[in-house]
Amino acid sequence: MRVPELDWPATAAQARAEQDRLRPLVRTTGSLPEPLRTVAGLDVAYGDDDRLAAAVVVLDANTLAPVDRATSVGVAAFPYVPGLFAFRELPALLAALAALTTVPDVLVCDGHGLAHPRRFGLACHLGVLLDRPAIGIAKTPLSGRHDPPGRQRGDGSPLLDDGEQFGCALRTRDDVKPVYVSVGHRLDLAAACTLALRLTPRYRLPETTRRADRLCRDALAAASD
DNA sequence: GCGACAG
DNA sequence: ATCTTGTCGC
């Protein structure tokens, strides 16, 4: 798929300014495309000295069978700074997306969307740059507070910041630690949670990120020798 | 000022 | 993220 090429910030201050510039472009409404055909999962694996490999897998939304995939290897574009995570992984992810032969209906990121200190996590950033529906599903919270959700799959508890909900701690398996779902772009939170549950028929983490995780690890290992 | 802090 | 053994449970 076609991806934009952009100049990259050199400092944390520039990166935050870029987030502030793009944040107003986020759209927090929208339901899942009808019909929903494909869903993409994205992830990055790290090696020595900032070497990294990014992977995108595209799954059939109904069967969760893989229909397309792409990887890219390179060097981290930014140090890891909580809240500026996107600047580290985005260039590699965009390179992988550019190698895709299909255009997925929704992008699922391994990280947060609106559940971010400045309301502009990786899923928002990617969604806005590509102007595609996107959501974030993270393994741990970054900002905000929440009560523990009920213990059953499907139970959720709002992620709150100043009494405002900007995400959901969602239980994807009975009696298993919740994941943190938030809107990236062009979808509402209900759609994001519905999709998260569709992607977790068996494990805590969505099939999209599980597949992408394996693929980027393999790509990193293959790039080593 | 002191912790907390996606991956 | 990544470095890592054993161990509990289906």
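Chain A is the first sequence line, chain B the second, and so forth, proteins listed ahead of strands; every chain is numbered from 1. As the structure is a computational prediction, the values presented were derived from the model and not from experiment. FYI, side chains are in, hydrogens and waters are out, and symmetry mates aren't considered; it's all heavy atoms of this structure.
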Salt bridge or not for Arg211(A) and Asp43(A), using N-O below 4.0 Å?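 Looking at Asp43(A) together with Arg211(A), the answer is no, because their closest N to O distance does not fall below 4.0 Å.
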Salt bridge flag under 4.0 Å for residues Asp155(A) and Arg151(A):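 Salt bridge flag = no for Arg151(A) with Asp155(A).
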side-chain contact (heavy atoms from CB on, under 4.5 Å) evaluation trace for Thr28(A) with Asp188(A): CA-CA 5 Å; Thr28(A) 65; Asp188(A) 58 30; over 6 Å; no
Among dT2(C), dG7(B), dA6(B), which nucleotide sits nearest the side chain of His116(A)?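 Of dT2(C), dG7(B), dA6(B), dA6(B) is nearest to the side chain of His116(A).
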Of the nucleotides dG7(B), dC5(B), dA1(C), which one has an atom closest to the side chain of Arg217(A)?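 Nearest to the side-chain atoms of Arg217(A), counting from C-beta on, is dA1(C).
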Calculate the interatomic distance between [X] atom [atom1] and [N] atom [atom2]; express it in whole Å.
X	N	atom1	atom2	result
Asp48(A)	dC3(C)	CG	C1'	11 Å
His112(A)	dA6(B)	NE2	P	8 Å
Leu205(A)	dG7(B)	CG	P	9 Å
Arg88(A)	dT2(C)	CZ	P	11 Å
Asp50(A)	dG7(B)	CG	C1'	13 Å
Glu89(A)	dA6(B)	CD	P	12 Å
Arg118(A)	dC5(B)	CZ	C1'	12 Å
Asp174(A)	dC10(C)	CG	C1'	14 Å

Working for side-chain contact (heavy atoms from CB on, under 4.5 Å), residues Ser224(A) and Arg51(A): CA-CA 10 Å; Ser224(A) 301; Arg51(A) 286 188 324 105; 3.4 Å; yes
For [X], report the nucleic acid contact type (base, sugar-phosphate, nothing); a contact means any heavy atom under 4.0 Å.
X	result
Ala45(A)	sugar-phosphate
Pro141(A)	sugar-phosphate
Leu93(A)	nothing
Leu122(A)	base
Gly47(A)	nothing
Phe85(A)	base

Looking at [X], I'd like to know whether one of its side-chain N or O atoms comes within less than 4.0 Å of OP1 or OP2 on [N].
X	N	value
Thr140(A)	dG7(B)	yes
Tyr80(A)	dA1(C)	no
Lys139(A)	dA6(B)	no

Any chance CZ of Arg119(A) has more than 12 other-residue heavy atoms, nucleotides or ligands included, within less than 6.0 Å?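 Count over threshold, so yes.
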Heavy atoms from other residues, nucleotides or ligands near CZ of Arg153(A) exceed 12 (cutoff 6.0 Å):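 Count over threshold, so yes.
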Given that both pair distances must be under 3.5 Å and the pair must be Watson-Crick or G-U, what runs of three or more consecutive pairs involve DNA chain B?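 Correct response: none, since no qualifying run exists.
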Check step by step if salt bridge (Lys or Arg N to Asp or Glu O under 4.0 Å) holds for Arg23(A) and Asp20(A). CA-CA 5 Å; Arg23(A) 182 182 46 214; Asp20(A) 291 338; 3.3 Å; yes
Is a donor on one side and an acceptor on the other found under 3.5 Å between the side chain of Thr38(A) and the backbone of Asp105(A)?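 It does hold such a pair.
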